[in-house]
Each structure stands twice: as C-alpha cells, then as structure tokens.
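Here is the structure we will look at.
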2 protein chains.
Amino acid sequence: MTTTKAAQKRAQAKVEYNAFLAGCPSRQLLDRISDKWVVLILCALGGDNSAAPADAPRTMRYSEIAQLLAGVSHKMLTQTLRSLERDGLVTRTVTPTVPVTVSYALTDLGLSLHHTTRGLRTWAQAHMAEVLANRENHDARTS
Amino acid sequence: MTTTKAAQKRAQAKVEYNAFLAGCPSRQLLDRISDKWVVLILCALGGDNSAAPADAPRTMRYSEIAQLLAGVSHKMLTQTLRSLERDGLVTRTVTPTVPVTVSYALTDLGLSLHHTTRGLRTWAQAHMAEVLANRENHDARTS
DNA sequence: CAGGATCCCGCTAGATACTG
DNA sequence: CAGTATCTAGCGGGATCCTG
C-alpha cells in the first residue's frame, strides 16, 4: 500500500517543523489544538472532572461529554470529536445496542496532549482572579 | 479607590472557577488563551526562537514579533497584544525616539502561562508526522 | 515605526428539523 | 441515543488607507 509507505517515509524524514512559519503544517495543527472545545474535551476524557479527585482517563459516552461541557452545541461537539478522531487523539467505539451506544476515549497520543491542555484549563481557573484584577486596573488607567 | 478594594476582595474570595461551566469567567479566559496567535506570541517573548538555543525570555519590538510570526496580519497582532496587555500577561513600553520604539515583554503572569503554551507548540511540532500518518490511515479507511 | 480606523468578504457556529 | 443536514446571521480577520 503506497499510502502506508508514504507515511512511514515522512515519519522517518525527521522534518523540522516550525509553527512560527506560515506554511508549516504544524501551524495548522497548532491552530486545531488551540481551541476551547478541544481543550475541554481532552480534559473531560482525561478525567479532569471537578467531581472526581482521581484523575484517571475515562471513556465517556457522547451524552456524558455533552452534559459535562455545558453550553456546547451538538454541531461543535460532533465536529470536534470527528477531527480529534481523524488525528488519532481519541477513539470512537460504537456498540450496537438499541439505541446505539457510542463511547470515546483518549489514545496514547491524545493522552500526551492532555498533559498540556490540562495545564491550560488549570491555569485559566487558577489565575482568573488575577487577570480580572489586571483588567480593572488597566481599564481604570486608560479610561 | 473602590476598584482596588473590589479586586482585592475578589482575589481573597477564593471562588471556585470551573471552565466546564458555560457561565464561568474562566471559560472565556480559556477561550482567549486557546488561540494560535496568543500561543505564538507567548512563545516568541518566552524566547522559544528556533534560532536561539538559550530559551531566555526576551523583550521584542513590534516589528520583530511581526517578522517572527510569519503571516500574521497587523490587525491580529495589535489586537492580540492589546488583550494580552490588558490581562497583564505582557508589558508594553514606549520609548519616545523618532520614530517611536515600542517593545513588549512577558510579565511574571505571562511567563507562568508560557510554560504551558510552549508545550502546545512543542507538541504540535513533535507529533506532526504522527498526526499526518493518522489522517492518511483514517481517510483511506473511510473513503 | 507602530499602530488606529474603516470596509467588507467568508466562514464559523448556533438553531432547527430530521433519521438509523 | 447519537448523530446528519440545512439555513442563516454574525463576526472574525484580511486588505487598505491614514496618522503621530
């Protein structure tokens, strides 16, 4: 199969990817993973649930994720999950019950990214007050 | 000044921010920092230049950043820098030369976020080949 | 040099309705 | 339950022109 060969070839090529360059594929990949819903989905599947102190990766059903990520539209959730699946960050498993059951889980690759995205969410929550204070100071000074 | 008092009060309140909740301010903050240009600007000011092995935070001029972040429009760069300044992540220093010189640098808060955003860029570059291979496999299987 | 202001196109993302 | 499909409004973001 030529596609597999091409993939292997590229993996061996050790190309220097640089997200600072406009044309570099890693720029697009960075754009993909720099997304609110991507971060939150990875956090959800990574077990960063506020209710569960034990941060173990878990498999979740579609509706579970939808419920945890309050305010996400059906479209965005499905769309984001599809792209994560395509990139090999999550697995999608369909169990032919009636009605059908679909569950998602992190792959090893997704888990490796989760280490970083978790930091993003944690940072936002930890420094929220500080940022709000900075905004007030800034707005007061420039008004 | 009442605004300062209010800010202090809020910082002491130890509110539980949770980005999973739609109404939580940390959700918006997460949205702000989950941005391609935010990540790249923090990486630039953090010293993650591919040419410089020593990763020391550096102050950069507007035009330096614009040059490093290939393809960024003036509007997006200015807009992003302004919001980062407002949130207290970067400082903006104007030196009244002719023509004027403006330099940007990370604050301590910005530096703390840089630790995470750097990981995002690094991850994208490190796993680019793997993701491309996953996409090929996926597209071949579903075509 | 480092922007501010304006125009305007395109695509994103929400809402809604339908299906296996 | 877990989607797909369609339609549309809104705004993100590029291009362009102007300024201290």
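Residue numbers start from 1 in every chain, and the chains themselves are labelled A, B, ... in the order their sequence lines are given, proteins ahead of strands. It should be emphasised that the depicted structure is a prediction, and the values quoted were computed from it without experimental measurement.
Atom CG of A/L69 and atom C1' of C/dA13 are 16 Å apart (whole Å). Rounded to a whole Å, the CD atom of A/E85 is 15 Å from the P atom of D/dA2. Look at NZ on B/K36: it is 11 Å from C1' on D/dG12, rounded to the nearest Å. Here the P atom of nucleotide D/dA2 and the CD1 atom of A/I65 are 9 Å apart, to the nearest Å. Between A/Q67 atom CD and D/dG3 atom P the separation is 16 Å, expressed in whole Å. B/H74 places its NE2 atom 9 Å from the P atom of C/dA2, with the value rounded to the nearest Å.
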Determine all donor-acceptor pairs shorter than 3.5 Å in which one atom belongs to a side chain in residues 30-40 of chain B; sequence neighbours excluded.
| from | atom 1 | to | atom 2 | distance (Å) |
| --- | --- | --- | --- | --- |
| B/S34 | OG | B/L30 | O | 2.7 |
| B/D35 | OD2 | B/W37 | N | 3.1 |
| B/D35 | OD2 | B/V38 | N | 3.1 |

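Legend: residues meeting side chain to side chain donor-acceptor pair (under 3.5 Å) with A/E85, ordered by chain and number and at least two apart, are absent. Not counting sequence neighbours, the partners of B/H74 by the ring pair (Phe, Tyr, Trp, His ring centres under 6.0 Å) test are B/Y62. Every salt bridge (charged side-chain N to carboxylate O under 4.0 Å, His left out) that A/R135 has, sequence neighbours left out, goes to B/D87. Every residue meeting the side chain to side chain donor-acceptor pair (under 3.5 Å) condition with A/R86, not counting sequence neighbours, appears here in chain and number order: B/D139. A/S112 meets the side chain to side chain donor-acceptor pair (under 3.5 Å) test with B/W123; sequence neighbours excluded. In this view, A/T101 and A/T97 satisfy the side chain to side chain donor-acceptor pair (under 3.5 Å) rule, not counting sequence neighbours.
At the phosphate of D/dA2, OP1 or OP2 sits under 4.0 Å from a side-chain N or O atom of A/R61. At D/dA2, one or more side-chain N or O atoms of A/S63 fall inside 4.0 Å of OP1 or OP2 (strictly under the cut-off). OP1 and OP2 of C/dG4 both lie 4.0 Å or more from every side-chain N or O belonging to B/Y62.
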Nucleotide N/O of nucleotides 18-20 of chain D paired with protein N/O under 3.5 Å:
none

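Applying a 4.0 Å cut-off to non-hydrogen atoms, the residues of residues 75-83 of chain B that approach DNA chain C are B/T78, B/R82, listed by residue number.
Residue pairs satisfying the salt bridge (Lys or Arg N to Asp or Glu O under 4.0 Å) criterion with at least one member in residues 99-120 of chain A, sequence neighbours excluded, are listed as follows: A/D48-A/R118, A/D55-A/R118. The salt bridge (Lys or Arg N to Asp or Glu O under 4.0 Å) contacts involving residues 59-74 of chain A comprise A/R58-A/E64, where partners must be two or more places apart or lie in separate chains.
Overall bending of the helix from C/dC1-D/dG20 to C/dG20-D/dC1, expressed as the angle between end axes built from five pairs apiece, is 60° (10° steps).
A cation-pi arrangement, defined by a distance under 6.0 Å to the six-membered ring centre and an angle within 45 degrees of its axis, is present between B/R121 and A/F20.
Residue B/Q28 qualifies as enclosed at atom CD: its count of foreign heavy atoms under 6.0 Å is above 12.
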